Amino acid sequence: MESVYEEESGHPNETGKFFMPFVRRALALVLVGLVTYLAVEEYRVSTSSITSAVDYKGLELTERIQARLCNAESCENRRAGLLKQSVDRKGLSRKLTGLSKTPKSGFKVKMLHRNSAESPFRKTYETKLQALAEDMVIDATRLAAFRNQKNRNNSSGSGVENHTANPPVITAVIAGPPSHDYGFQSPVVSGSTLGSGQYFVDFFLGTPPQKFSLIVDSGSDLLWVQCSPCRQCYAQDSPLYVPSNSSTFSPVPCLSSDCLLIPATEGFPCDFRYPGACAYEYLYADTSSSKGVFAYESATVDGVRIDKVAFGCGSDNQGSFAAAGGVLGLGQGPLSFGSQVGYAYGNKFAYCLVNYLDPTSVSSSLIFGDELISTIHDMQYTPIVSNPKSPTLYYVQIEKVTVGGKSLPISDSAWEIDLLGNGGSIFDSGTTLTYWFPSAYSHILAAFDSGVHYPRAESVQGLDLCVELTGVDQPSFPSFTIEFDDGAVFQPEAENYFVDVAPNVRCLAMAGLASPLGGFNTIGNLLQQNFFVQYDREENLIGFAPAKCSSHS
């Protein structure tokens, strides 16, 4: 009663104390709204010369805000619908400037496995088996992470539809129409990570360029690096990315359509360290994560400058990323680096993996464009299969498997994707061994067991068939082939599937899935060694051909 009386009596001091917190909050909200509006307006004006009005057709401001405020489970279908409208921007393109005077049709990036001689993350092992055993631990974590991610998609009843034939473009700042005149290639290094890939590339970001070793991961989409100042970062071998040292760093506006493509941090789209900037939180299936500001930057790869690359400037990163500077996502989503530059290189990337278990300094290569296609003969192609429950991964359809020229009686169900997105088969450069559903693996193991006539060595962890080769100069093993849809036949050399683990001991580099629930067959990087493997998203195909990969490094 006393407080009511004082209010009614008009005591101004007490009334002011009561209302001032609300006034401050109201003024803060008005200020945030004004700053955000100015940032969006600046972005709209700066891109009006290249952005058609149809980009935002059907996307009202309130809808964009709602899409960013939704959480992943409750609003994924809505987000997917907005995504289809916001990313169909074929008239937009990204500016590519060749720094060399000689036109190139692609670029190649040096790619190193974690255990290769040049790798900055190389460990010393007493035996090849120790190296392989550690890779198998990573395999188990990676496959479990993929399975958990797909199960979450199933439980939410959603999944972003796959559009591999027409990959979306996320950002665009191009002077002129898309061109196929330039391309690049780069070497690749392998890195031990949880849920991420086994290979690294050197990547230059910013103006002037800052160098980073990034994990190559075909199983995720986002390109991100650790950023300074960092609230929480894991130990990194090289300096962090410093936005203030780059003249081309530019945060993505938090109410722009590009900001729709990445999950919002804590359900709110804006990051207040950069007023009006897009905040993101990217979660990996193994609980690793990156959180920070979604931004544009210039990248330099193999002498090719690529402007307005969308990336995550991560100031809060958790997980085991092998001391790398971040991750280069090459999945099928619109955020991936492959999607962003694909329009200029025919929506193609490829790699050629050397045998990393051999002590050699020869590196593998990650290739964008068609520069090396003319040197590769007998390319075979099989369609990329759509799995809406796992839209990032590269699925293919296996028709049959043969050992020693004999087709194995494996049920078709071992190769099919069911209605929940379980099953099927993928190509994956980040998994070491090749893994099969138990129903398929039992037939494959039995066929090799009866077809290999060398004394058995003791089985090692996760490797069921090992043989003793003392005194055998040139061992011979049964042939192994995988026949895919459209008749493409993948037939690796025996050294790809019977690998050295100790002096005079080789083991079958295949295994059964620990759990068939939610899993899929995985064609790993050992089986792919000395093959040129191309991911052609323009035609929705995966191609492969035998190659001497050391000559393409």
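Owing to the predicted nature of the structure, the values given are computational and were not obtained by experimental measurement. Hydrogens, waters and symmetry mates are skipped; everything else that's a heavy atom, side chains included, is used.
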Report the C-alpha separation of V309 and L223 in whole Å, then their side-chain angles, then the decisive distance to 0.1 Å, and conclude whether the side chain to side chain contact (heavy atoms under 4.5 Å, CB included) test is met. CA-CA 9 Å; V309 174; L223 160 63; 3.6 Å; yes

Residue list, side chain to side chain donor-acceptor pair (under 3.5 Å) with Y241, at least two apart or on another chain: E297

Checking T470 now: which residues fulfil side chain to side chain donor-acceptor pair (under 3.5 Å) with it, not counting sequence neighbours? E468

Got a donor-acceptor contact below 3.5 angstrom from the [X] side chain to the [Y] backbone?
| X | Y | answer |
| --- | --- | --- |
| D217 | G329 | no |
| S364 | V354 | yes |
| T434 | G524 | yes |
| N317 | C233 | no |
| N387 | I417 | no |

Under a 3.5 Å cutoff, is there a donor and acceptor pairing between the side chains of [X] and [Y]?
| X | Y | result |
| --- | --- | --- |
| D202 | S213 | yes |
| Y351 | Q528 | yes |
| S336 | D221 | no |
| N496 | Q529 | no |
| T431 | N525 | no |

With rounding to the nearest 0.5 angstrom, report the [atom1] to [atom2] distance, [X] to [Y].
| X | Y | atom1 | atom2 | answer |
| --- | --- | --- | --- | --- |
| L214 | F337 | CG | CZ | 9.5 Å |
| S289 | D316 | OG | CG | 6.5 Å |
| S238 | Q226 | OG | CD | 9.0 Å |
| F427 | L393 | CZ | CG | 13.5 Å |
| L335 | I262 | CG | CD1 | 5.5 Å |
| S290 | Y234 | OG | OH | 8.0 Å |

Tell me, do [X] and [Y] make a side-chain contact under 4.5 Å, heavy atoms counted?
| X | Y | result |
| --- | --- | --- |
| L240 | C230 | yes |
| S459 | L465 | no |
| L222 | Y280 | yes |
| P383 | V396 | no |
| L513 | W436 | no |
| L526 | V499 | yes |
| P546 | F531 | yes |
| V242 | Q210 | yes |

In this structure, is the centre-to-centre distance between the rings of F520 and Y435 below 6.0 Å? no

Side-chain donor-acceptor pairs of residues 476-492 under 3.5 Å, sequence neighbours excluded:
residue : atom : partner : partner atom : Å
T481    : OG1  : T402    : OG1          : 2.2

Minimum heavy-atom separation for [X] and [Y], please, with both atom names.
| X | Y | answer |
| --- | --- | --- |
| G421 | Y395 | O-OH, 4.4 Å |
| I215 | A324 | CG1-CB, 3.8 Å |
| R537 | G338 | NH1-C, 4.3 Å |

Check step by step if side chain to side chain contact (heavy atoms under 4.5 Å, CB included) holds for I542 and D536. CA-CA 6 Å; I542 286 182; D536 184 347; over 6 Å; no

Return each pair, listed once, that meets side-chain hydrogen bond (donor to acceptor under 3.5 Å, both in side chains) where at least one residue sits in residues 440-455; pairs must be two or more places apart or across chains. Y441-D464, D449-R456

Over 60° means perpendicular and under 30° means parallel, so tell me whether Y535 and Y394 are parallel, tilted or perpendicular. perpendicular

Using the salt bridge (charged side-chain N to carboxylate O under 4.0 Å, His left out) rule, collect all pairs that involve residues 402-421, keeping only residues at least two apart or in two chains. none

Would you please test I306 and V341 for side chain to side chain contact (heavy atoms under 4.5 Å, CB included) and show each step? CA-CA 8 Å; I306 308 169; V341 303; 4.0 Å; yes

Show, in sequence, the C-alpha distance, side-chain angles and deciding distance for Q236 and F212, and conclude whether the side chain to side chain contact (heavy atoms under 4.5 Å, CB included) test is met. CA-CA 10 Å; Q236 181 175 320; F212 308 97; 4.1 Å; yes

Partner residues of Y282 under the ring pair (Phe, Tyr, Trp, His ring centres under 6.0 Å) criterion, sequence neighbours left out: Y284

